[in-house]
Amino acid sequence: MAKGRILIDVERCKGCELCREACPPDVIALADTLNSKGYRPVMLLDPQHECTGCALCATVCPDGCITVYRESVPKPQRKRKQPAYPGHVIPVAA
Amino acid sequence: MAKGRILIDVERCKGCELCREACPPDVIALADTLNSKGYRPVMLLDPQHECTGCALCATVCPDGCITVYRESVPKPQRKRKQPAYPGHVIPVAA
Amino acid sequence: MVTLEPPIEQLPCENLIYSRPESLAEIQTHYCPGCTHGVAHRLVAEVIDELEIQERTILVAPVGCAVFAYNYFDFDSAEAAHGRAPAMATGLKRVNPNSIVFTYQGDGDLASIGIAEAIHAATRGENITVIFVNNAIYGMTGGQMAPTSLIGQVTTSSPTGKDAALTGMPMHIAEMMAPLPGVVYSVRRSLHDARHTIQAKKAIRTAFEAQIQGLGFSIVELLSSCPTNWKMTPLDAAHWVRDEMIPVYPLGDFKVAEPLQNKNRSA
Amino acid sequence: MVTLEPPIEQLPCENLIYSRPESLAEIQTHYCPGCTHGVAHRLVAEVIDELEIQERTILVAPVGCAVFAYNYFDFDSAEAAHGRAPAMATGLKRVNPNSIVFTYQGDGDLASIGIAEAIHAATRGENITVIFVNNAIYGMTGGQMAPTSLIGQVTTSSPTGKDAALTGMPMHIAEMMAPLPGVVYSVRRSLHDARHTIQAKKAIRTAFEAQIQGLGFSIVELLSSCPTNWKMTPLDAAHWVRDEMIPVYPLGDFKVAEPLQNKNRSA
Amino acid sequence: MSKELLKGNVAIAEAAVRAGCEAYFGYPITPQTELLEHMSKRMPELGRVFLQAESEVAAVNMVYGAASAGVRVMTSSSSPGISLMQEGISYIAGSEVPAVIVDVMRGGPGLGNIQPSQADYNQVVKQAGHGDFHPIVLAPSTIQEAIDMMVLSFDLAEKYRTIVFLVLDGAIGQMMEPAELPPMQEVKKKRPFWALSSQEARRTNGELPQKNVITSIHLGAEALHKFNEHLQRKLAQIEANEVRYYENYMEDAEVAVVAFGTAGRVAETAVKTLRAEGVPVGLHRPITLWPFPEKRLQELADRVKAFLVVEMNAGQMFHDVREAVGREVPVEFLGRMGGLIPFPTEVEAEVHALWRRTEVLEMHRP
Amino acid sequence: MSKELLKGNVAIAEAAVRAGCEAYFGYPITPQTELLEHMSKRMPELGRVFLQAESEVAAVNMVYGAASAGVRVMTSSSSPGISLMQEGISYIAGSEVPAVIVDVMRGGPGLGNIQPSQADYNQVVKQAGHGDFHPIVLAPSTIQEAIDMMVLSFDLAEKYRTIVFLVLDGAIGQMMEPAELPPMQEVKKKRPFWALSSQEARRTNGELPQKNVITSIHLGAEALHKFNEHLQRKLAQIEANEVRYYENYMEDAEVAVVAFGTAGRVAETAVKTLRAEGVPVGLHRPITLWPFPEKRLQELADRVKAFLVVEMNAGQMFHDVREAVGREVPVEFLGRMGGLIPFPTEVEAEVHALWRRTEVLEMHRP
Amino acid sequence: METSIVISGFGGQGVLFTGQLLAYAGMDNDKHVTWIPSYGPEMRGGTANCTVIVSDDPVGSPLVAEPDVAVVLNLPSFEKYEGLVKPGGLLVVNSSIVNAETLRNDIEVVSVPANQIADELGSVKMMNMAALGALLAKRPFLTLSQVKQALDDHLPARKADLLEANKLVLQKGYEVGTAVPA
Amino acid sequence: METSIVISGFGGQGVLFTGQLLAYAGMDNDKHVTWIPSYGPEMRGGTANCTVIVSDDPVGSPLVAEPDVAVVLNLPSFEKYEGLVKPGGLLVVNSSIVNAETLRNDIEVVSVPANQIADELGSVKMMNMAALGALLAKRPFLTLSQVKQALDDHLPARKADLLEANKLVLQKGYEVGTAVPA
Ligand SMILES: Cc1ncc(C[n+]2csc(CCOP(=O)(O)OP(=O)(O)O)c2C)c(N)n1
Ligand SMILES: Cc1ncc(C[n+]2csc(CCOP(=O)(O)OP(=O)(O)O)c2C)c(N)n1
Ligand code: SF4
Ligand code: SF4
Ligand code: SF4
Ligand code: SF4
Ligand code: SF4
Ligand code: SF4
Ligand SMILES: [Mg+2]
Ligand SMILES: [Mg+2]
């Protein structure tokens, strides 16, 4: 199965866990920390590299926090904007 | 066939002729005169006594001008108000 | 004073077969000659007499040619704002649950400006009755296009004929109301001739019976004529209802809730 | 600054599979965690990107939780009065026939106060698209009953549960719109899980395509969650949509006009 | 009974219940929603009518219907909702049925925001719909006053067969304050003689079983003119009987601050502070915005040197004050818009400045 | 061009067409229906937009939509319909998009009747919806003036991005009078920079292809306060620039008759008769009801001995006159309601009485 | 000089056009004119009327309490306006269908058998012109030829074939009016 | 004397109830009080705050520009209210989750590790009581026992089981507040 990875805009994430529910290999988990809005964001927790890049998480995310990459033969794509955030970064204190 | 007769409140009649159209034996006709509202009312013109008292004329009259009587064996009836007008009387000049 | 000939002789043994209903006031209507608003009024009044509910009936009159309906009926009446009769009737009925409350509305009133109040009263299953007089035009204001006007119909606001591409197809109120769960009775009848008028009366009766039984929202759509604004004689107008309106607005029962069935079959 | 573990390594040869659509502004929404308004926004934005119509699209935002939708989309937008978005959209579209005009409306906005404007725009066959977010409640004002609330649903204005006898059964907008001749596309989808979300997006795309093709009025009803006012977690809310709402609001295609068929079949 | 800590919207709702309100129709809108919500709980409990309408347009017309049946009925809303009710309000006025409307004003125009405002003074006071009429407009400035006036609203509505508006701003609707609720009144059994109820019932009551008609139509110009004259006579009677206001420190005041509602309580704080500083200032707080305490202001104009009108709008009651006062005495204005509440310090500063100007003027007077 | 015999409603409609009105949305209501009907014929002929809306609520929101696209757009209605438009009007004001509304007033309150009236002066002048704003209100008194002001309405609406009301009463809408129509203007091709149209088009025009947003929301109290300050500054600018009135015989007048619209033309007839009798009376006829010719009336107050306000209502503009004039000079009122038009003889009698009283007063003055 | 005229009759008697014709004639001859119909639901199947004012000065109110002239084409109009005509004013009565006499002796009355006149000259529909002719005979604020010219200029195109007939009826009405003693 | 207090934090931190408790305590002890929440769509998933005024005289505005006291339970609240507190006023900071220092030296600051205190005594949900205790220690316009009494009288019945725990947390917060040097 193709391998994938996701970036999560943790400042935008509201910790609703809908992505976690949607993820087939269950590689999304709540972080231990709060972001500056007071939400506990999710993170990719994928030591086994089980993420398939299926984008189901991104499909259900109400806040458009998730960017998905997949390892694969390159194919022609629509122009897509690259995320402006570094992913998995929480700027406030724990 | 049961014989009938109708009374027409000519002051109320607007001469629309819907009753005339509805009358099976065609015994309703427009009068030659105008009533005080300027309408030409209808009248019962029934020399052959063809009116059956079928009340179809009354059924279609938009102005409730028609009272219907029918010669028949009396049968129990709902209280109905007797007309307050004499019928076929036009108070204004021709 | 002139008495018309021939004089009217009494018949030997005669019964009073038909006379104006009690619930209809003596006042002469302002309706144009041949306008079937008058027929609709009379039928409602007859039904109310027959059901012996005159003393507990409340009319909610519309804005439209029937705006003075409260003068023509002989029972308590209110005059609503344009299109809001179902809301006003809701207010009346909720605080007077034993009254029989009905609205009498034209197509401009109900289908155009008042569609929200009609649909919501129907959805709530408000236990009221709606007499809906569809004459495919705004009568009172001088013959503008209604949502019920036929395609191609020339009116004072569609001078080249109603254009479906710009203003849509005619609205079918009886059909639209029928699927709403609060509606127990939704039918369409016509007033263009005696036979249909008799059927219309039966439907009006059923609609009021539905309310008396506390079943919910009942509506009778009556195809009606507006000779004046259609610019026709009353007879031609009746024929226009028959020949032009009925093909677009099929008569029939679109919903008859269980307890009302076997009462009054489709026209 | 704290970076979450584990660090994210780039894959050897990776494609960008998914990222936020261009038509979605960078601004963070004010929606509650797990509120599927956000999903609906994203899907619309994705469709508009895919159809390459961002520069000629005009949103008409409602009054409701989506009142600030104009901040979240990156194209021309207007903010309508409560329930009047279809009227405002009509005004916009009639003078901008080349624009793609859509309304985004909640169930209070469309089904309750705005039902007249919705039905009339649909009847006229206004060439606009309506994204109708049905979350069975008034979100923005704090969880009052909507015409779409389920029977027995406890809300802040139906504290003992919605009572059908007093307030009627839930309103079925997609079904109500479908028979109107001006409507070319009327479907219901749900946003409660990924599979259904993908189907919802297809429907949204078809609805916009209908407009691009100038066919007439298209509407997509989206079953949506309001975790806050339902007083549930986002996951429980998603399950409530699946278990309680869908049985009352069946998903499906209620009207798909000829030219749109074979595009997108029923969910 | 002792005081409870009550939220304005809830207090008003409960006061209405206790005033024997028999039916409530309304549509949710911030910042009045708690009122509707409280009614949704209490009215069914008591076997009375609560209905969430599909819109404010429907709500006001439901009120019109129930009012035509002669029961105590009310609705509540906030600015945009009140705009939608204008037609129905005008019909109610034209039909002379009693009804009560609570308007918890918010910032405008348009959707604006939901913060406290008095920007709809003109809307309710000058013309709450088309045609010549005035609702009675009561403007409480504490929760206790709001409660008392809620009860009064029903009494006045019935007494004059008119619409009564209880207007507050979002602040009074949303805040909590200790207050005492009135005793519980049962709903009245007997409907008024003019009401649409049941001819049968009226006959049983020994009244004439004539039909009753509720309408706002008077077809001919003469007929409608006559009706309007009747309406104007009634309004004149209300003007003569029902003016209400509150004053503090006015006996020897040389500057009068005029303000209503929340602005009135803010102004009172400022006036107290100023008095402590020795500034001869007093507060006049209109409680009835219509009928307006015009005569009283005229009296004051004869003895104060200047007026300061404080409002949470761009200056609306200001014009009524200026009309009452005339051009001889300066009338100044301090306004906050968009949901801002003026702070006492701002009022103080303004009075200080005004007082100084007035004194200087005084010195230069011949 | 020469004069034609034109019906008011039709003349106004045709004037709007010729002013380049690009879209009309409206709902039939007497006594303005001929306006809508004329539009239904002319607009499609010219390839412009005519749509009969399902209601006035929808009509005003369609106007809001088209106005947001920056085109010349209008609606027309009469009193109850204008009530229904209040919310939409407030949104338009809060969004600062230009729109024109014709209000052919009829007798109220409620359904009232359809006879000529000025009973909605307050409704349009004081607050045509919730929130602090004023539409510009133009009140013609002849059909020629109505035509000219219809054109002016569009210009002012665009200039100030505001709502302009053209108010008449049923008499001016229904009557025929000779008048000259303006030349035909094509609809403008270019949309204003703020309009919702197409980013693509804006880019082609060399404008920044940023998104445009039309909204009336300003969430925070501070933000909405700021917006309101901006709005008030704009209104002040309109007040400074756009006051219009007409006067006759005012130079040496000792009694000023103030009246607008049909009452204004009736008053003018009376003034002429009175002048012929030697009574020193003049006419002041406000053309802009908002902005109101307050300053001019203040000037007049310094030299006339008394004012008579004549209106087809219970006394609405009267209060504006009295506010402007102050309490030193008597301001009297002659009103006809419910669709009655005062007759010149009635005005004459009133002026005579007022003039006699004033003279007597004069004699007793120290 | 200012003359106010009310014309009243059943809908279909050409009431509104008769008034407009006077207004056109006035306008074309540099008078100030106004025309205003009564409007409203009372029109439904009832009577119609309009008020015309022809004046040398700008017209104030387009309505008058007491018209200088009333042209009454049916009985209800007679009943309504007989009492309203200004003392010294003129009442033109369509004697073909109005079978009533005024009790007033402070106004001038001209009875014209308008229906008959028009019927004889082609169609009863033109009866309004007969009444108008009689009015012009008695109150020459506009001349007969000015009104004929107005007919030439303003009779709707679809009625062009009736132009000459209308003029004849107008003429005849004028003659009848002239014949009636003052 | 009049004291104005703003309490601000995330929804769920008990902000509104904390304010009401103060209002109750004031009312029960014959003070004039007002309580007002911020309301509106900004509440959606955001922060909540309320303003309480406890006074010897009737209260004018229920809102204040510069509160005497601000209790800030999270960082956004700290950022919002730190600058608004009246000079000489008090800022109570929930140091458990607010990791920031004020630059102002004209106000008094009390840091309370409210989450920890509450957590240790049963549930982090009671952290609002810890902050309130600290406030009372520094600004005794109401006494600790008056507020405890108010808890007895006004804690919603469904939370009765937490009554004693709440009092303990309040007490502990009070002690921490007292310990902090003025
Ligand atoms: C708010 C409002 N808008 C418009 C009108 C004008 N109006 C009166 S009746 C009517 C339409 C009547 O048409 P319909 O309901 O079909 O009744 P009909 O006269 O045909 O029986 C309209 C638009 C009004 N009175 N009030
Ligand atoms: C005329 C008017 N009435 C009421 C309101 C208050 N209001 C704002 S949003 C809303 C309902 C929102 O519910 P819905 O449309 O279902 O949207 P949601 O928030 O659930 O997405 C209401 C009643 C308003 N702003 N304007
Ligand atoms: S892309 Fe698929 S597998 Fe990877 S995290 Fe998202 S849902 Fe899970
Ligand atoms: S779905 Fe989005 S907002 Fe929700 S937890 Fe996942 S990333 Fe965060
Ligand atoms: S009762 Fe029958 S037969 Fe007699 S007149 Fe009427 S329709 Fe004709
Ligand atoms: S149907 Fe009635 S109104 Fe019509 S002609 Fe016959 S009697 Fe007269
Ligand atoms: S206008 Fe039409 S609907 Fe109205 S009364 Fe006349 S015929 Fe009937
Ligand atoms: S209140 Fe409900 S609908 Fe609104 S944002 Fe929150 S969850 Fe979504
Ligand atoms: Mg109709
Ligand atoms: Mg919703």
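Residue numbers start from 1 in every chain, and the chains themselves are labelled A, B, ... in the order their sequence lines are given, proteins ahead of strands.
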A.B. asks: Is any side-chain heavy atom of D:Met176 closer than 4.5 Å to one of C:Leu180?
C.D. replies: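 In contact.
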A.B. asks: Quick one, D:Ile115 and C:His120 - any side-chain contact, counting heavy atoms below 4.5 Å?
C.D. replies: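 The answer is yes; the side chains approach within 4.5 Å.
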A.B. asks: Under a 4.5 Å heavy-atom cut-off, does chain D meet the side chain of C:Leu166, its backbone, both or neither?
C.D. replies: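 Both parts, backbone and side chain.
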A.B. asks: Count the heavy-atom pairs under 4.5 Å between each of C:Ala111, C:Ala122, C:Gly182 and chain D, then report the option with the highest count.
C.D. replies: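 Among the listed options, the one with the most contacts to chain D is C:Ala111.
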A.B. asks: Under a 4.5 Å cutoff for heavy-atom pairs, which residue among D:Ser112, D:Pro147, D:Gly114 has the most contacts with chain C?
C.D. replies: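 Highest number of heavy-atom pairs under 4.5 Å: D:Ser112.
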A.B. asks: Could you list the residues that satisfy ring pair (Phe, Tyr, Trp, His ring centres under 6.0 Å) with D:Tyr70, not counting sequence neighbours?
C.D. replies: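 Once residues adjacent in sequence are excluded, D:Tyr70 has no partner under the ring pair (Phe, Tyr, Trp, His ring centres under 6.0 Å) criterion.
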A.B. asks: So which atom in C:Met171 and which in D:Thr123 form the shortest heavy-atom distance, rounded to 0.1 Å?
C.D. replies: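 Looks like CG-CG2, 3.6 Å.
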A.B. asks: Tell me, side chain or backbone of C:Ala118 under 4.5 Å from chain D's heavy atoms, or both, or neither?
C.D. replies: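 Neither part, no heavy atoms under 4.5 Å.
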